[in-house]
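For reference, the structure is listed below as structure tokens.
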Amino acid sequence: MSLNAQVADALDQIAALMELTGENRFKVIAHERAARVIRDLSEDVGSMSPEELQSVEGVGEKIARKIVQFREEGRIDELEELRAKVPAGLIEVLQVPGLGPKTVARLWKEAGITSMDELKRALDSGELESLPRMGAKTLQNIREAIAFTETSGERLPIGIALPEAEAIVAHLRSVAGVRKIAYAGSLRRGRDTIGDVDIVCVADPPDPVREAFTTMAGVRKVLASGETKCSVRLAMEGGQVVDGRGAGREVQVDLRIVPASSWGAALLYFTGSRAHNIRLRERALKKRMTLNEYGLYPLDDDPTPPQRRGVRPIASRTEEAIYTKLGLPTYPPEMREDRGELDLREIPPLVEVGDIRAELHAHTIASDGRMTLAELVDAAIERGFHTIAVTDHSKASAQANGLSVERLREHVREIREENARRGRTIEVLAGSEVDILADGRLDYEDEVLAELDIVVASPHSGLSQDPKKATKRLLRVIEHPLVHILGHPTGRLLPNRRGLEPDMHEIVHAAREHGVALEINSHWKRLDLRDTHVRMAVEAGCLIAIDCDVHRPEHFDNLRYGVMTARRGWLTRDHCVNTWTRQKLLQWLRQKRQGASG
DNA sequence: GCCGTTTTCGGCCCGACTGTTTTCAGTCG
């Protein structure tokens, strides 16, 4: 785990334990915020001076000191003191939805509960029933919430959640009275994984959609069903199985019903992120306005919310109107993470799905793909691409039927013939997805690689090696004169395989220097590079390739996930090689070859 | 604990829903 992630975890633990000791909630929030910012930070806190640490938003003198102590001694005094006071097992209990710090502290102090196992035993024995404010319903909700975290605790990959959300939206759109409906939340922001699904809708009258929502197929439990807000737990469809673990799992879905006049405010609010929203509200207050999910209103001293007093909003119908009145550009949802976007005067020209004109990482039946060469090329033409690179696996990927040198050469001949046959319709490039061996050597000799139009080098094994080795390994690849693209650089798999954890600073700077493009692999199980890495690469001025790693025709549809990840990293068209013209792309590919020989 | 184009002190985003209680605390997003 990177140092930033370790520091963030430690700060999160301090925050959680503070909550249980009843510490001032603003102190708790300050630690949570610092943890989030450091987790997202592109600089490495290990190489920052105390002054630099304090220049980070949300990090002041005291938290900076804690970070310094952590990196020098591997511990933080305050965290150790808190751990001595509060049983560590309670942090897990705090993760159960519906159990907040107040309730967990009561369970600890009044019933002696110090861990999840003890809580489960106490629930079974009935000893909690005697506690005040612990009715049968509350206890049953806790039981069900624990079961939910155990079967469905992990976040859902976006590739599972997005189609599910689209199906729900399509279903509800046909209900009488529904005038507008859309999914929001982290799904709309394009995060790689999703905790729950948020849906916003305008419906008049509201009852039919509420009824349809709480009774739709798959609803296991209705958590809330109010005038404007409904929440359910939904069983995932049978087909949506993640690595064999999807079966039986549930996902929480929230529906918010809002007036048509508040559509923009509601969409803005429920899209988040939470941190972005808080920033917007702070900004509104500075401008003597107040922002909530109903609209942007003039600020006054009346404690009753303005929408209940019939106050006319300054803006509310569209997101754009609200941003404009706040003096801000309309941020694409993917940028709304409080990662510096509010300091921008204008939005950079972020890459869009329609900009992608080339797929540079695709497999055929020659290795582990399902399409013949001709079928792959046809599929690429159908997508409107001007270039398709055929990059079957190299020999070390035996499990993927990787090609021996002889088979590769025969394959290259076939690809060149196919390219000639297609004329100007599409450029078919002969390439390889070459395995990166554990020490950073490539799986084919240089003389073989030199015969190819394009080389994508990817790690497939040795993915748990330590960060220093991983960094060296990838640097060696980036410095190799015949490599164009570093494919799925960390090899992570969502939700559980962490993959390599190289020093991404070194990686992106070397990639920039050597003109190697780093790949965003668009498969929703990979999304590798991830968003924060893309942002680092963009800041360093790296080239990026967004590829689908196509094995089947439908894999081209994963492009949207890769593009959302790119946009979350603020990638613009000019630095994305897949958006270039055929001529510019080919020039870049050949230039690397000439640079190597000259 | 952090932060400041009115502030180095005194604020810190805002509303909905549930459960259990009878006016609200706790939790969530």
Side-chain angles (χ1 to χ4, degrees), chain A residues 11 14-15 18-19 22-37 53-67 78 94-107 129 131-142 144-145 184-187 189 194-200 210 221-232 252-258 262 265-266 268-297 299 303-308 327 338:
Chain A
L11 292 173
I14 290 175
M18 274 180 170
E19 282 197 294
E23 183 61 88
N24 176 312
R25 56 180 277 260
F26 295 110
K27 243 167 113 168
V28 175
I29 291 169
H31 281 83
E32 286 173 343
R33 178 164 172 227
R36 182 183 65 79
V37 170
L53 287 171
Q54 280 190 56
S55 71
V56 174
E57 286 260 2
V59 177
E61 195 188 328
K62 295 205 176 133
I63 289 183
R65 259 211 300 270
K66 290 175 202 181
I67 296 171
E78 189 177 15
L94 208 47
Q95 309 306 316
V96 176
L99 288 185
K102 294 278 181 0
T103 312
V104 174
R106 280 190 56 214
L107 289 168
E129 285 157 28
L131 291 183
R133 293 188 66 92
M134 280 282 166
K137 205 157 188 177
T138 299
L139 292 175
Q140 186 53 28
N141 284 343
I142 296 174
E144 290 178 14
S186 50
L187 209 48
R189 300 199 312 280
I194 268 73
D196 58 18
V197 174
D198 297 296
I199 296 172
V200 186
R210 191 164 62 215
K221 180 176 173 68
V222 177
L223 297 165
S225 181
E227 281 297 302
T228 68
K229 178 184 166 178
C230 305
S231 285
V232 299
Q252 181 169 329
V253 187
D254 297 335
L255 176 71
R256 308 296 297 234
I257 305 166
V258 303
S262 297
L268 182 66
Y269 179 73
F270 294 111
T271 296
S273 69
R274 205 179 149 86
H276 179 85
N277 285 345
I278 289 173
R279 289 299 200 195
L280 293 184
R281 287 173 182 213
E282 286 170 356
R283 192 175 173 97
L285 288 176
K286 279 187 194 139
K287 292 181 170 284
R288 300 289 303 161
M289 297 183 274
T290 175
L291 176 64
N292 61 28
E293 58 261 56
Y294 295 96
L296 181 66
Y297 296 90
L299 192 63
T304 306
Q307 69 277 6
R308 295 225 200 114
D338 187 26

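What you see is a predicted model, and the numbers here were worked out from it, not measured in a lab. Reminder, nothing fancy here: chain letters follow the sequence lines and each chain counts from 1.
- Between dC17(B) and Ser225(A), no contact under 4.0 Å exists linking OP1 or OP2 to a side-chain N or O.
- Of the side-chain N and O atoms in Tyr297(A), none sit less than 4.0 angstrom from OP1 or OP2 of dC14(B).
- Salt-bridge check for Arg65(A) with Glu61(A): passed, with a basic side-chain N closer than 4.0 Å to an acidic carboxylate O.
- Proximity note for Glu293(A) (side chain, C-beta onward) versus dG1(B), dG15(B), dG19(B): the nearest is dG15(B).
- Rounded to an integer number of Å, the gap from CD1 of Ile67(A) to P of dG1(B) is 13 Å.
- Ionic pairing of Glu78(A) and Lys62(A) is not present here: no N-O contact between side-chain nitrogen and carboxylate oxygen is shorter than 4.0 angstrom.
- The ring of Phe26(A) does not lie on top of the base of dC2(B); it is either too far (5.5 Å or more) or too tilted (30° or more).
- Annotation: dA16(B) and dG11(B) have their P atoms spaced 25 Å apart (nearest Å).
- Within 4.0 Å of Lys62(A), counting heavy atoms only, lie sugar-phosphate atoms of the nucleic acid but no base atom.
- In terms of heavy atoms, Ala34(A) sits closest to Gly58(A) at CB-O, 3.7 Å.
- Candidate nucleotides dG15(B), dT18(B), dC13(B) were compared by shortest atom distance to the side chain of Arg281(A), and dC13(B) ranks first.
- Ser231(A) has no side-chain polar atom (N or O) that falls below the 4.0 Å cut-off from OP1 or OP2 of dC28(B).
- The separation of dC13(B) from dC3(B), taken at their P atoms, amounts to 14 Å, rounded to a whole angstrom.
- dT20(B) sits 14 Å from dG26(B) when the P atoms are compared, rounded to a whole Å.
- In this structure, Pro132(A) reaches neither bases nor backbone, as no heavy-atom distance under 4.0 Å exists between it and the strands shown.
- Side chain of Lys102(A), nearest nucleotide from dC17(B), dC2(B), dG26(B): dG26(B).
- When the nucleotides dG15(B), dT20(B), dT27(B) are ranked by their closest atom to the side chain of Lys137(A), dT20(B) comes out on top.
- Between dA16(B), dT27(B), dC2(B), one nucleotide has an atom nearer to the side chain of Thr103(A) than all others, and that is dT27(B).
- The residue Leu99(A) sits close only to the backbone: its heavy atoms come under 4.0 Å of sugar-phosphate atoms, none of a base.
- A donor-acceptor contact shorter than 3.5 Å is absent between the side chain of Asp198(A) and the backbone of Ala184(A).
- DNA chain B is contacted by both Gln307(A) and Arg274(A); Gln307(A) maps to the nucleotide lying nearer its 5′ end (nearest heavy atom per residue).
- Under the 4.5 Å side-chain criterion, counting only non-hydrogen atoms from C-beta, Asn292(A) is in contact with Tyr297(A).
- Consecutive pairing runs in DNA chain B reach the stem threshold at B:1-4 with B:9-12, B:14-19 with B:24-29, where a stem means at least three Watson-Crick or G-U wobble pairs with distances under 3.5 Å.
- dT7(B) shows a glycosidic angle within 90° of 0 and is accordingly assigned syn.
- The listed nucleotides are dG1(B), dC13(B), dG26(B); the one nearest the side chain of Ile278(A) is dC13(B).
- Distance CZ (Arg133(A)) to P (dT23(B)): 11 Å, rounded to an integer number of Å.
- Atom CZ of Arg283(A) sits about 11.5 Å away from atom CG of Leu296(A), to the nearest 0.5 Å.
- At a threshold of 4.0 angstrom between heavy atoms, the contacts of Val59(A) are confined to the sugar-phosphate backbone, with no base atom among them.
- Remark: Asn277(A) is not in phosphate contact with dC14(B), judged by side-chain N or O atoms under 4.0 Å from OP1 or OP2.
- Nucleotides dG1(B) and dT6(B), compared at atom C1', are 23 Å apart to the nearest Å.
- Within 4.0 Å of Ile29(A), counting heavy atoms only, lies no atom of the nucleic acid at all.
- How far OG1 of Thr271(A) is from NE2 of His276(A): 9.5 Å, rounded to the nearest 0.5 Å.
- Between the C1' atoms of dC17(B) and dT23(B), the separation comes to 16 Å (whole Å).
- The side-chain heavy atoms of Arg133(A) and Thr103(A), taken from C-beta on, include no pair separated by under 4.5 Å.
- Rounded to a whole Å, the CD atom of Glu61(A) is 11 Å from the C1' atom of dC2(B).
- No donor-acceptor contact under 3.5 Å links the side chain of Tyr269(A) to the base of dG15(B).
- Considering only side-chain N and O atoms, Arg308(A) lies nowhere under 4.0 angstrom from the phosphate OP1 or OP2 of dC14(B).
- In this structure, Glu293(A) and Val258(A) have side chains that are not in contact, with every pair of non-hydrogen atoms separated by 4.5 Å or more.
- Lys287(A) comes within 4.0 angstrom of no nucleic acid atom, judged by non-hydrogen atoms across all strands.
- Taking atom CG of Leu53(A) as the reference point, atom P of dC3(B) lies 12 Å away to the nearest angstrom.
- Regarding contacts with the backbone of dC17(B), every side-chain N or O of Lys229(A) stays at 4.0 angstrom or more from both OP1 and OP2.
- Across all strands, Arg65(A) comes closer than 4.0 Å to no nucleic acid atom at all (heavy-atom distances).
- Using a 4.0 Å heavy-atom criterion, one finds that Val96(A) contacts the sugar-phosphate atoms exclusively.
- Per the geometry, CZ belonging to Arg256(A) stands 15 Å off P belonging to dC28(B), to the nearest Å.
- A straight line from CG of Asn24(A) to C1' of dC2(B) spans 11 Å, rounded to a whole angstrom.
- Between the NZ atom in Lys102(A) and the CZ atom in Arg106(A) there is a gap of 11.5 Å [rounded to 0.5 Å].
- Close to dG1(B), at under 4.0 Å from its OP1 or OP2, lies a side-chain N or O of Lys66(A).
- Looking at heavy-atom distances under 4.0 Å, Arg33(A) makes no contact with the nucleic acid at all.
- For the C1' atom pair drawn from dT7(B) and dC14(B), the interatomic distance equals 24 Å after rounding to whole Å.
- For Cys230(A) and Asp196(A), each mapped to the nucleotide of DNA chain B holding its nearest heavy atom, the one lying further toward the 5' end belongs to Cys230(A).
- Going from atom CG of Leu268(A) over to atom C1' of dG29(B) covers 14 Å, rounded to whole Å.
- Glu144(A) places its CD atom 11 Å from the P atom of dG19(B), with the value rounded to the nearest Å.
- A close approach under 4.0 Å does occur between a side-chain nitrogen or oxygen of Thr290(A) and OP1 or OP2 of dC14(B).
- Put simply, CD1 on Ile278(A) and OG on Ser273(A) are 8.5 Å apart, with the number rounded to the nearest 0.5 Å.
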